[in-house]
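Below is one structure, written out as structure tokens; the observations come after it.
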Amino acid sequence: MKKITVYQVNDEAPQAHYLMFSGLDLVHKMGLKVTRDNYTIVWQGEVEDKGDADATLEGVFHLLNVGQKPEGYKGHSLSVSDIIEMDGKFYYTDDYGFEEIQF
């Protein structure tokens, strides 16, 4: 099992309108930075370790988009601009796949 934390853009953050559901390339083109100030934790829990980061992240995407959400989940379906923390690393949910970022 892997412990993860899921962050989503805080609706009240100053840059929320520009960050929410925006791919990382667009965020950079707008001159914005992905910082904790604009995010809030919506879930912490454990997921199945699929053997490598990409497969595990895809499993998280499936878990939070298909069927019943896990107990205590307070966010919308996992979408572009959401961040997953796993093994001390942070992954931006991008247009296609996940990008490791500094957060």
Side-chain angles (χ1 to χ4, degrees):
M1 297 299 279
K2 290 274 188 185
K3 290 183 180 183
I4 65 161
T5 301
V6 177
Y7 301 80
Q8 292 181 339
V9 175
N10 179 342
D11 293 341
E12 310 218 353
Q15 298 176 340
H17 176 74
Y18 301 105
L19 290 171
M20 194 175 291
F21 309 120
S22 293
L24 204 49
D25 282 345
L26 180 58
V27 169
H28 290 152
K29 284 180 186 177
M30 290 188 289
L32 301 175
K33 293 185 179 183
V34 179
T35 64
R36 286 183 193 248
D37 298 344
N38 292 309
Y39 284 79
T40 189
I41 294 172
V42 296
W43 188 63
Q44 293 179 305
E46 291 188 346
V47 297
E48 181 182 349
D49 184 347
K50 302 276 188 174
D52 66 54
D54 286 336
T56 302
L57 292 167
E58 287 296 334
V60 172
F61 187 86
H62 182 78
L63 172 70
L64 301 178
N65 284 291
V66 179
Q68 186 174 358
K69 306 278 187 296
E71 187 175 325
Y73 188 75
K74 300 179 281 185
H76 53 72
S77 295
L78 195 71
S79 300
V80 173
S81 77
D82 296 345
I83 296 173
I84 301 169
E85 179 181 4
M86 180 176 68
D87 295 334
K89 297 179 181 178
F90 298 89
Y91 299 91
Y92 190 91
T93 308
D94 212 353
D95 294 321
Y96 300 99
F98 303 89
E99 282 292 323
E100 186 176 344
I101 62 167
Q102 298 298 310
F103 188 59

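Count residues from 1 along the sequence. The model shown is predicted, which means the values in this text are computed figures rather than measured ones.
With values rounded to the nearest 0.5 angstrom, I101 atom CD1 is found 12.5 Å from K33 atom NZ. Rounding to the nearest 0.5 angstrom, the gap separating the CD atom in Q8 from the CG atom in L64 is 8.5 Å. Here CG of D95 is found 8.0 Å from OH of Y92. Values are rounded to the nearest 0.5 Å. Note: M20 CE to D82 CG = 8.5 Å, rounded to the nearest 0.5 Å. To the nearest 0.5 Å, atom OG1 of residue T56 and atom CG of residue L63 are 12.0 Å apart. Here the NE2 atom belonging to H76 is positioned 10.5 Å from the NZ atom belonging to K69, to the nearest 0.5 angstrom.
At distances below 3.5 Å, at least one donor-acceptor pair connects side-chain atoms of D49 with backbone N or O atoms of G51. In terms of modelled atom types and a separation under 3.5 Å, the side chain of T5 and the main chain of Q44 share no donor-acceptor contact. Remark: side-chain polar atoms of D52 are paired, donor with acceptor, to backbone N or O of D54 under 3.5 angstrom. Using modelled atom types, one side-chain atom of N65 and one backbone atom of L78 make a donor-acceptor pair closer than 3.5 Å.
In terms of hydrophobic clustering, with Ile, Leu, Val, Met, Phe, Trp and Tyr side chains grouped at heavy-atom distances under 4.5 Å, V42 and I4 are assigned to a common cluster. Neither M86 nor F103 shares a network with the other; the hydrophobic side chains, linked directly or stepwise wherever heavy atoms of I, L, V, M, F, W or Y lie under 4.5 Å apart, form separate groups for each. Note on L24: it clusters hydrophobically with Y39, by side-chain heavy-atom contacts below 4.5 Å among ILVMFWY residues. One hydrophobic cluster, built from ILVMFWY side chains closer than 4.5 Å, cannot hold both L32 and V80; they sit in different ones. Cluster membership check: I83 shares its hydrophobic cluster with F21, using side-chain heavy-atom separations under 4.5 Å among Ile, Leu, Val, Met, Phe, Trp and Tyr.
Residues S79 and T93 form no side-chain contact, since every pair of their non-hydrogen atoms from C-beta on lies 4.5 Å or further apart. Two residues are said to be in side-chain contact when any heavy atoms from C-beta on lie closer than 4.5 Å; M1 and K3 fail this criterion. Taking the side chain as every heavy atom from C-beta outward, F90 and Q102 never approach each other to under 4.5 Å. Using a 4.5 Å cut-off on side-chain heavy atoms (C-beta onward), V66 and S77 make no contact.
Minimum heavy-atom separation, N38 to P14: OD1-CD, 3.9 Å. The two residues S22 and M30 make their nearest non-hydrogen contact at OG-CE, 4.2 Å.
Heavy-atom neighbours of Q68 CD from other residues, nucleotides or ligands within 6.0 Å: at or below the threshold of 12. No more than 12 heavy atoms of other residues, nucleotides or ligands sit less than 6.0 Å from atom OH of Y18. Counting non-hydrogen atoms of other residues, nucleotides and ligands closer than 6.0 Å to CD of E12 gives a total of 12 or fewer.
Ring-centre distance between F98 and Y91: not below the 6.0 Å cut-off.
Ring planes of Y73 and W43: perpendicular class, angle over 60° (limits at 30 and 60°).
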